Every structure is written in structure tokens, then in C-alpha cells.
Amino acid sequence: MADVTLIVDGKKLTVPAGTLLIEACKSTGIEVPSFCYYPGLSLQGACRMCLVEVEKMPKLQTACTTPVAEGMVVTTESDKIKQARKSMLELLLANHPLDCPVCDAGGECELQDMTFKYGAAESKFMDMKNHRDEQQWSPVVYFDRPRCILCYRCIRVCGEGMDVWALGIQNRGSSAIIAPNKQDHLECEECGMCIDICPVGALTSGAYRYKTRPWEMKHTGTVCTHCADGCKTTLGARRADTGMQIVRGDNRDKSGINGDFLCVKGRYAFDFAHSDCRLKQPLVKRDGKLVPTTWEQAFELIASRFKQVLTTDGPAAIGIIGSNHTSNEENYLLQKFARLALGTNNIDHHRTADFPAFASALAGKAEATASMRDVHNAAAILLIGNNPTEQHPLLAWQIRTNVRLHHSKLYVVNSYPIKLRRQAASFAQIAPGSEGGFAQFIAGSDAAADSIVSPKLSREALAALRDALKQETSLVIIFGSELRGNDVKALVDFGLARSAKFICLGDYSNSRGAADMGLYPDMLPGYGPVASATTFHTDWLDEIPATSGMNLLQMMDAAKEGKLKALYVVGSNPIARYNIDPFALSKSFVIVQDMFLTETAKIADVVLPVANAYEKAGTVTSTCGDVQILKKAGDFAGVRTDFECIVRIAATMGYDVRKLVPFGGEGTRADMGQSRGAQSGEADRHAVWLSEHNLEPKMSPFDPSAMLDEIQRLVPAYDISRLSLLSGQDVHTQLVQITGATGLGHPELVLPANDTLFTSGTLGRFSATLNTVMERYSSPVEPEMVAGYDPAARQGP
Amino acid sequence: MKFSDQLEQRFAAMVTHYPTKRSVLVPMLLYIQDELGALNDEAIHEIAERTELSELEVRNVISYYSMLRTHPIGKYNLQVCTNVSCLLRGGEEILEHCQKKLGVGNKQTTADGLFHMEEVECIGACSWAPALMLNYEFHENLTPQKIDELIDGIRKKEHQ
Ligand code: SF4
Ligand code: SF4
Ligand code: SF4
Ligand code: FES
Ligand code: FES
């Protein structure tokens, strides 16, 4: 669009035509006060705070609804404007209870800030204030009408942003009130976006309200540890008996891929971290019972059993199962420990997507994967399978936002009428289970059509859809775990021919990292086959066992036959996930690292209580391949990181940990203080100070940044900007395979997590907040109000 | 839910008058209220479906207009104007008189369910102020005597 030149407060500026005056001012550093205006949402013009003077216009104008015009001369602060704003504030405060001293928003309130600035503290009203009692609308949403300033942000973000439309406005004038969709309560996605966006403390969250004051928390920007989308979140932690306890999650600074978006899990389900069920001490099995022990004894026991098995039965008798929640550094370290210290390739994890097939189909093609940011801007999107509203809430948000703001063309192909069909330009309801067939069909296999057509999709419509897709030149193709093996290959071939970019959807916060870091029996980090010559072979002095190891299910079978003498499970619960008879593991020595006594931990011989992603440093990779840094937000007395546990086990076995973790470099030494005893906080404080200043000590074998050095050096595609990473940005990695071997994936091993919007595997089970929400929705919800919850979509993929 | 044949016909004709379905919402709400006495949950559900709106949106509209209601009121609704013209010509006294006569306050219904009373803004009858509306019927140039006659007349008729 053509540019327009105007003058604001004497400054000349040039902006594209159509820009709103408020945005034009912002671009030159002038902040026009606003309540109802919110970038990305429809215009409201309700609060009149943004009034400015425009020359030749008789009245004050609302900067939030006025587009710039050529030659406009604007004044944003004058006595007249000040008076107008002050009067608006007096009106807003007319019925306001002025309970700032106890309000959740106190200190972070836009109304407070404005009142402070314009000095509308005294009131000329003598009338009684309209009062209404606070209402609880859902387990997590509370509403306090007297504090509301009727900016309509909540209504708009719920409707336009979330596509839930659960909030409305009732009555009018000074008795107007925000109303929930079920008269006295809400039935919605419980995302808390309305609470977050509320400029005052009218909407408050059940998880946080009246718990603390904003300035009493320590705020840490890190990454959500629930689904695989990698939302940035700022966690507010407060001192508690068990350590620093996280009490709030939001992303108000709009940093990161997700802007201000968080779903119900990111926003509230951090409370698993202070669940009463958390393990605080290492446990060992004595006389059939798990009893507390010391860390030293636990490590001794594990090391001696590993050594014993190695001498009597050899490395093939040990199996390792990694996690989808631990950091990249931990995953990398775990497989390195397995391959070098134990000498086995028997390592696997709960696979939730066929990343190996995806990597091999891409065959090293550069720029072929899309980041979460691309989804926000792509001109056209093809979504095959999955139900992002439930399983990838951020992805769904990005898609909706793109369609709403940039009119992206969305094609949805699914066997269920998923909620995103409402944004779709084209929705094809294919026969159940025919997602793979669909990939084959668009890649040219006409024979596949038979299996795809359904009562809701004719053969002609299917053919027309393929023709339309063939015309798309800048497509982002997103596919769920329904697509595996050859189907992924077919889809990727179809897309690459049209320079499309791809996203392969896995579940859990670091499933992509687990895959990239080589938690596979037959692949090294970067999906290189164990048998072929890779840089790892050179770098690790060829100590990698040459033959592929057992996968997860093979390990379980071996255990049943008594051939697996030891099983080391890090942050995983295979017994429950794969529905394995716990008895199968009775002949193996089982070590489990977990936060909770899961089904698998219950049958273990040693259980080590570990920290979660909110309590450690490291990096994680989202399902799109966006790498982000984890920062320690909370802590929990008694636990250690998985990283430390692995290193300590190796060290106790007598293995040179320097071979595992390249710490220290050329003689770097420093006294970081004590890590235990009365002064135990000292090391932590040093580390906190260093990390606050984005410095990496790398002086201890427990420092994941030393591991990251090696990852960046050896794992293809991870050679990304360390600076961007450290400053908290998401950095996209391309999926590049070391050698283009094909057919490495094991489609049959892919087991989707099937989490819904309100579940999150083990983490969700121990989140009290998520449980109250789940209970609330265990009764059927009327589908027409919240389309995301129609029963058909519920059972979705 | 089905409405009376007459209302159904009216609806069918009305939807064709507007470019979007939601436009028939306000007139339909009024007609349904006349037929049912109030807009109950069932009616709200029905009209939401027919206009392709959510029930919440329908409730938003209902709550906006004071003449729309979700709970039944007395059979005869006395809407007494106290806006400027009426005020100048004794509207407040008329209001007070009505309240005394009926023994109910603003927005209340008499125990026998016959009368409902409310204070309203200008009803467009300023030239004949003070004025009131009895359901859809105007009564003008009011005096306390006229009010008595009106109310007594209705009582008599209803108690026969
Ligand atoms: S869906 Fe989200 S924004 Fe809408 S009412 Fe529920 S919590 Fe608020
Ligand atoms: S509840 Fe908050 S966001 Fe919603 S209208 Fe009131 S002040 Fe605005
Ligand atoms: S969308 Fe995923 S990453 Fe984002 S807050 Fe929700 S669970 Fe966390
Ligand atoms: S910000 Fe412009 S009217 Fe509210
Ligand atoms: S002021 Fe009463 S009818 Fe106009």
C-alpha cells in the first residue's frame, strides 16, 4: 500500500496507508493510552482513552479507530486531551470498588497506571456505587464486575481469538455486565486468555487469585512443558516450604512464538510441580517395598548393578528408555551414556510421530520445514489429520489468527469434523483411517480414492481438492501421526515439488528433541544409522556398538524372557503407556527417574526423584523444530536433574565423565561454592547470577550448556545462533539427516498420546487445577456452544 | 418448539425481509413474548437456532432492551412515563399514585398477577403528557382520577 506522511507531536513520520493512528504513533515511540484497543482484535472504540487532537477536525478523535491520512497533524498530549482522559477515568472509577490493595492486578493494572498518570484520584460522585458480588464461572475463571471497565477485550479474544464465543455483554449503560455463555457459569476451553487480556482485575484466575502480589514473585521466561508446540511462558515463583513454588504462568510480554497465547495447560497446569505426590528422596526396594535411601547409596547400587550385568551378561542385557519431556541435553547425554558408557544401542522412547520417516523423506532438503511462526503467515495451509484445538492449541491459535488477519487459505482433511473446519476454506471429511491414503492420493495414486471417499466426501470433490492443492505454490503442510512411513514420503514428495514447507506433529514438549537427539536403537542424533560412518563415530572414537539395539517393545519382550537384566527408565512410564503387564519386568533390575511414583516407578528397584522442565536449564525443540531455552523458574527440595543423575551414575561406575560431557575446556576451574549442606544455596546463587547474565559457566560436569556445545557441533541442523537462543528467542532448525538412508522409521511403534485440551499425560494427572477442569467437563457439553467439544471431535485422532 | 400458526407464518414472511437471519431477532422476540408472556429458556433456545446465533447472543439482546423479559409479569403492564414533558406535567405524581393504588413498587407485579408497574422513559406522547402505556395502548392527559377509573375498570372486568 502507498505510504502516507503525517506529523505527530511535531515529528514527521511516514507509514503505510491504512495504518491506525495509534499504531503510527507507536511506531515512532509515542504511546497513546488505550484500554479497549488491542492489536490483532477488532476495533471497539469503547473507552475513549486514546483521544487525540487532529488539526482541522473539530472534536477529539479516537486514535484507535482513525486511519492515518496524508498531511494529518496530530497532537497526542495537551491540556484539552488530559482533561478528556481524566474525565473518562473519573467515569470508569464511578462504580469501581478501589480495592487495589487486595486486587490480583494491583501493580500490573492499566487502570491504576492511567489514574496515576492523569490524576483522576478524587471522585465527584456522591451516589452509591453499583455493587455486584464476585462470581465463579468455572474452576479457573472468576469475575468481579465492579472492577470491570467494559473494554470488551475479553469478549473479543474469546470470540475472535479462540473461536469459542463464550462471553457476551448484558444490560446496558452503567449496569452493563460481562456474561458467561451458560448464564451463571462458563462452558469453554478454559484458556484464561480473557483473564490475561483483562486490563484490570475484573477477570481473575482460580489458580492465582489472592495468592500473592505481582511484585512478590520472581519471574522467569521459559518454555511450557506440556504439548509439543513450545509456548514461551513467564512463570512467577514464590518462596514456599519446598522451595520456589510456581504460582502463575502467562506470557504478557508477548515474547516468543506464541505472543500472549497460552492454553489451559500452559497457563495453569504448572502445579504438578508442587503436587503432594512428588517424590522427595531416592527410593530402593527392600523386601519388596520401596524405602527411602540416600543419593550416594542409590548411585552406588545402580552403578554396581550396571557393572555386574555388563560383566556377566554383556551390554545387550541392558535397556534404556528416554523421555519426551527431558531437555535436548539430557536426551543427548542419555543416548551417549547408553552407547559409550554402557556400550549398548538398546535405547528408545515413546514415539508419538514418525520423525525418522519425515527426516528421511526430506532427504536433507534445506528450508523444507516450517516454524510455528510460518503458520502465522503462510498464504495457504493444508492440515491432514490431528485435532490441533485439542492436541496443539498454539498451532490452532496460529492457524485461526492467520485465517482471520491474513485470510490464509486453510484446507482441512480429517476423518472427524474437527473444530478448525470452521476456519477452513475447504473441509474434506475423509473415511476414518484414510489419512495415509489421502497422502498417496494427492501424490498421484488414483487407486487410493476408494478408501478415502466417505458419505461426506464424493469422488469428484476429492479430485477437485487435489487439483486445488496442486495449484498452491506456498503451502505449509501440517500432518498428524496418522501419517507414517511411506505415506509421509508420498506427502513430502508431493509438497517438495511445490516448494511447500512441512510440520510433522508429535506429542509432548520435547518429542521432537528426543527424536533429534537419537533416542532410537537404530539411529544416532540427527537420524544417522548406527551402522554407517557418521561424525559421531569419528568424534566418539568409534565406540558406538555397530549393530542396532532393541526397540521399546523388543526390550519388554526380552525382559519377559529374562534376557533383559537391567532397564533404565528416564522420565517415561512404559507400563501404563504400552499397557504392559508389570510382571514382565520382575526379572530385570529396574531404575526409574521420575517426579512421581508412576506405574513403572512402583515396580522399580531404584527410584530417583528428579526435577521437571520448569526446574532446570537446557534446551527443548518444538514439534516444528523451533529450539528454545529452558530457564530454571521453580525448585523443589530434594530432587536433582536427570542430567546430574546420568552423570553421577556414569561417574560412580568409574566412567570418565569428561568423555560424556565436554566441560571445563582448557583448564577452566572455579570454585562455585558448596552444593550441599548449610551453604548449599551458594552454588545455586552463582548459577542463578550467571544465567541471569546469560553467561555459561560450563565448569561442572552437570552443566548442560557444555553438552549443548557438542550438540551444536555434531547434530546436523543444530548449528544455530547461540546468541538468539540465550536471549530467549526461538530458533528454527531444519530437519537434516546425516545420511539419506530410507525405511528407518518403524510406523508400528508410533503411539500418539491422545491427550485432549484438558489432559497432559502424567503431568496432567498430578495437576490439581487440570483435574478440577477435567471433572467439570466429564459431563457431556452441548456441542453447538463449544464446537471443539462435540462428541465426534472428542474421540478424534 | 413450534409457535402458533399465526406467528409461524409471520416468521416465515419476516425472514425474507432482511439480508441476514439475525435481523429478525428483535421483532421476533417481541412477538414471541406477546404470545408466551415472557422469553423462557425454550423460546431462547429456539430463536437462537432459527437465527443461527448462540443463546448467549440472544440473551445479550434481550437484556439490552427493557421491554424484553425472561420472566412473566402481570397481565396488564402499566408503563408510566416520567421523562421531561411528563415530569413537567405531573408524571411523578401519576407514578406515585399508580404505585399506591396497586400496592407495588417499580417493576413489580401485584399478588393477583393482574398488574405490573414500571417507570419508563419517553414513549413519544409528549403532546398529551403525562402519559402511560397499558400494554400497547396509550392513555394520555392523565390525572389520578383517570388512573383510578382505568385500574378499577380492569379489575372489574377481570373479576367477573
Ligand atoms: S475460552 Fe478462554 S477466553 Fe473464552 S471464556 Fe473460556 S477461558 Fe475465557
Ligand atoms: S472483564 Fe476485563 S477485559 Fe472484560 S470488559 Fe471488563 S475490564 Fe475489559
Ligand atoms: S499450546 Fe502447548 S505449549 Fe502452548 S501453553 Fe498449551 S500445552 Fe503449553
Ligand atoms: S482505545 Fe480508543 S477508544 Fe478505547
Ligand atoms: S416525556 Fe413522557 S411521553 Fe415524552
Side-chain angles (χ1 to χ4, degrees), chain A residues 42 44 46 128 130 132 135 137-138 141 143 145 148 150-190 194 203 419 421-422 780-790, chain B residues 1 20-30 32-33 36 38-73 77 79 81-84 87 92 105-108 116 118-123:
Chain A
S42 64
Q44 193 74 42
M128 287 275 282
N130 266 345
R132 283 182 194 251
Q135 301 171 1
W137 284 347
S138 87
V141 185
F143 179 61
R145 167 61 180 100
C148 171
L150 294 175
C151 68
Y152 297 74
R153 281 192 200 174
C154 52
I155 299 180
R156 284 174 289 155
V157 78
C158 181
E160 299 163 21
M162 296 302 299
D163 191 27
V164 174
W165 308 95
L167 297 174
I169 181 102
Q170 294 188 348
N171 306 335
R172 67 194 134 92
S174 67
S175 47
I177 184 166
I178 304 298
N181 59 0
K182 293 289 161 176
Q183 300 190 58
D184 60 347
H185 70 278
L186 269 173
E187 269 170 24
C188 68
E189 297 186 7
E190 307 285 1
C194 50
L203 283 162
K419 189 180 156 197
R421 73 181 187 283
R422 306 208 300 203
V781 171
E782 279 172 60
E784 87 277 9
M785 296 305 295
V786 189
Y789 297 106
D790 71 59
Chain B
M1 181 184 190
T20 56
K21 279 192 183 172
R22 60 188 299 153
S23 308
V24 298
L25 181 63
V26 174
M28 265 312 276
L29 287 172
L30 268 171
I32 297 172
Q33 175 170 289
L36 303 178
L39 299 159
N40 57 30
D41 290 353
E42 202 189 352
I44 291 173
H45 179 81
E46 181 65 26
I47 191 75
E49 207 142 79
R50 292 195 193 196
T51 51
E52 288 167 14
L53 295 167
S54 70
E55 287 182 30
L56 176 66
E57 283 169 292
V58 174
R59 283 182 196 279
N60 294 348
V61 170
I62 294 174
S63 68
Y64 184 88
Y65 293 104
S66 54
M67 80 274 193
L68 294 176
R69 48 187 177 263
T70 51
H71 296 289
I73 56 166
N77 188 16
Q79 300 151 74
C81 174
T82 55
N83 213 274
V84 183
L87 180 86
E92 299 242 298
N106 190 28
K107 297 202 171 162
Q108 287 179 352
H116 180 265
E118 64 190 4
E119 181 181 4
V120 297
E121 302 304 326
C122 180
I123 51 175

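Everything numeric here is computed off the predicted structure, so don't read it as measured data.
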- Task: Rounded to the nearest 0.5 Å, what's the gap from CD on E57(B) to CD1 on I169(A)? Could you check?
- Result: 13.5 Å
- Between A166(A) and chain B, which part of the residue has a heavy atom less than 4.5 Å away: side chain, backbone, both or neither? backbone
- Spacing of OG belonging to S63(B) relative to CZ belonging to R172(A), to within rounding of 0.5 Å: 9.0 Å
- Message: What part of I177(A) gets within 4.5 angstrom of chain B, counting heavy atoms only: side chain, backbone, both, or neither?
- Response: neither
- Report yes if the side chains of Q170(A) and L56(B) come closer than 4.5 Å at any heavy-atom pair, otherwise no. yes
- Other residues, nucleotides, ligands: >12 heavy atoms within 6.0 Å of R22(B) CZ: no
